[in-house]
2 protein chains.
Amino acid sequence: MNASQFSTKQRILGAAEALFARYGFAGASLRQVTAAANVNLAAVNYHFGSKENLIEEVFRRRLDDLNARRQAALTKGEKRADATLEDTLDAFIRPALELSLDRSGGGAFMRVLARAYAEHDDRLRRFLSDNYGHVLREFVVVFHHMLPHLDKEELYWRLDIVAGALTYAMADFGVIKRKGGVSEQHHRERAAEHLVRFAAAGLRAP
Amino acid sequence: MNASQFSTKQRILGAAEALFARYGFAGASLRQVTAAANVNLAAVNYHFGSKENLIEEVFRRRLDDLNARRQAALTKGEKRADATLEDTLDAFIRPALELSLDRSGGGAFMRVLARAYAEHDDRLRRFLSDNYGHVLREFVVVFHHMLPHLDKEELYWRLDIVAGALTYAMADFGVIKRKGGVSEQHHRERAAEHLVRFAAAGLRAP
DNA sequence: CACTCTGTCAAACGACTGTTTGAAGGATAC
DNA sequence: GTATCCTTCAAACAGTCGTTTGACAGAGTG
């Protein structure tokens with residue numbers, strides 16, 4: 001007697017993702033989540049153990065894929081001798097763009113990710129750093145080779161700025177509203193193009 | 001029998017600002033706020049009417065000043081014929097930097113502001129847009145004169161990116177951790193310098 | 001003196017929070 | 001057949017939420 005073809009776990013994850021994006025981790029209750037997922041309230045604690053673990057699983061489901069795509073794009077570019085700074089930025093930004101375009105809530109997930117930045121919750125930050133920090137460090141190494149005029153500290157400063165701008169842009173928090181005729185897909189693609197151009201110029205600045 | 005020289009209202013606003021920065025608007029309860037402010041629970045509803053109004057007052061207390069400083073810095077630069085793009089960016093960024101360095105919680109407020117971006121709460125967004133949108137529009141006009149090679153849509157895209165980067169940089173969400181000997185003041189000043197240089201290059205990109 | 005206004009207080013309101021429980025259903029294994 | 005496992009369910013748990021209440025103190029005014 002399921003209202004959907006998806007399993008209970010998948011439906012909870014999808015509903016949680018959408019509601020965390022809209023109301024935040026504290027603002028979205030498990031009753032809201034389970035109602036939206038058409039699932040019994042107790043199912044969350046049965047399948048995930050706690051709300052805290054549910055939050056982590058919402059991240060894991062998407063970030064495993066996102067980081068794999070980023071790493072693949074990065075190592076693919078590394079093998080080419082003529083890879084440009086724009087290529088490396090693209091390897092970082094395009095997977096996030098593609099995820100945000102994914103049907104079944106990828107766009108909502110980018111907003112969840114942006115919220116995670118704003119959360120000073122130690123457990124959540126450690127979880128993200130422990131599980132996904134290594135890919136970011138690989139990007140730093142490649143950028144370091146491509147931008148020899150920047151010392152390590154300067155590079156960190158600038159990548160920090162890029163990461164902030166990316167998060168903000170992909171989460172669609174900006175003041176730029178889509179016009180009537182423009183699809184969400186096209187809007188985000190343009191955002192990624194602008195971001196790559198802007199960030200490349202900023203990184204190359206003396 | 002006050003625990004502080006400040007009035008009840010001021011103490012509530014200060015405690016709310018700090019706790020909203022750390023736990024978010026939904027995550028920080030009025031009981032936490034009033035306990036931190038050393039004030040009776042009912043004082044919030046007596047002085048502010050509701051939690052929602054308290055949130056707005058937390059913004060109003062700082063943003064009135066921030067926007068006045070930005071506008072003053074902008075019009076001061078407009079009168080000089082040799083004002084550069086960096087000057088205009090500085091007029092936008094430096095007031096935020098100074099606020100974030102303010103003792104009595106300016107740094108916490110920048111984190112609150114960053115959280116507001118992540119909130120899709122319609123009422124809060126409308127409040128911010130209605131009360132502080134006009135200053136942003138003035139900056140757009142000045143940037144438009146300084147960057148004639150960008151059409152209006154392109155300019156909006158890039159300023160959106162700048163706003164996102166500024167928000168995250170000032171909120172101190174980045175991965176760059178202050179080193180032991182560096183004061184928070186010095187850290188934020190360096191962040192502003194990097195941001196101006198990065199954004200100027202990004203805006204000038206063809 | 002009485003009267004009003006302002007601010008603070010403990011206590012309570014009903015609604016909502018995350019989590020746990022024990023019963024029940026349905027599938028699979030022996 | 002019985003037994004076991006996995007999953008779902010309504011109901012209840014203790015606690016917290018934002019808000020309201022009515023009493024009480026102190027200052028200001030007549």
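Residue numbers start from 1 in every chain, and the chains themselves are labelled A, B, ... in the order their sequence lines are given, proteins ahead of strands.
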> Would you mind building the protein contact string for nucleotides 11-23 of chain C? One character per nucleotide, 5' to 3', B for base within reach (heavy atoms under 4.0 Å), S for sugar-phosphate only, - for untouched.
-B----BBBBB--

> Can you list the residues that meet the side-chain contact (heavy atoms from CB on, under 4.5 Å) rule with A:Ala43, with sequence neighbours excluded?
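Only A:Thr8, A:Ile12, A:Val39, A:His47 meet the side-chain contact (heavy atoms from CB on, under 4.5 Å) criterion with A:Ala43.
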
> Output all residues satisfying side chain to side chain donor-acceptor pair (under 3.5 Å) with A:Thr88, sequence neighbours left out; order by chain, then residue number.
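For A:Thr88 there are no side chain to side chain donor-acceptor pair (under 3.5 Å) partners, ignoring immediate neighbours.
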
> Give a yes/no answer on whether the side chain of A:Thr8 brings an N or O atom under 4.0 Å of OP1 or OP2 in D:dT8.
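The answer is yes; a side-chain N or O of A:Thr8 sits under 4.0 Å from OP1 or OP2.
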
> Using the test side chain to side chain donor-acceptor pair (under 3.5 Å), find all partners of A:Glu78 that sit at least two apart in sequence or belong to another chain.
none

> Using whole Å, report how far NZ of A:Lys9 lies from C1' of D:dT8.
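Taking NZ of A:Lys9 and C1' of D:dT8, I get 15 Å after rounding.
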
> Nearest-Å distance, CG (B:Leu19) to C1' (D:dG18)?
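About 16 Å, once rounded to whole Å.
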
> Any side-chain N or O of A:His47 under 4.0 Å from OP1/OP2 of D:dC6?
no

> Do B:Asn40 and B:Tyr46 have side-chain N/O donor and acceptor atoms under 3.5 Å apart?
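No donor-acceptor contact under 3.5 Å links the two side chains.
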
> What residues, two or more places apart in sequence or in another chain, satisfy side-chain contact (heavy atoms from CB on, under 4.5 Å) together with A:Arg62?
A:Glu17, A:Leu99, A:Asp102, A:Ser104, A:Phe109

> In whole angstroms, how far is the P atom of D:dG18 from the CG atom of B:Asn53?
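So the CG-P distance, B:Asn53 to D:dG18, works out to 14 Å.
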
> Sequence neighbours left out, what passes side chain to side chain donor-acceptor pair (under 3.5 Å) with B:Gln10? Give chain and number order.
B:Arg61

> Can you tell me how far P of D:dT8 sits from CG of A:Asn38, to the nearest Å?
12 Å

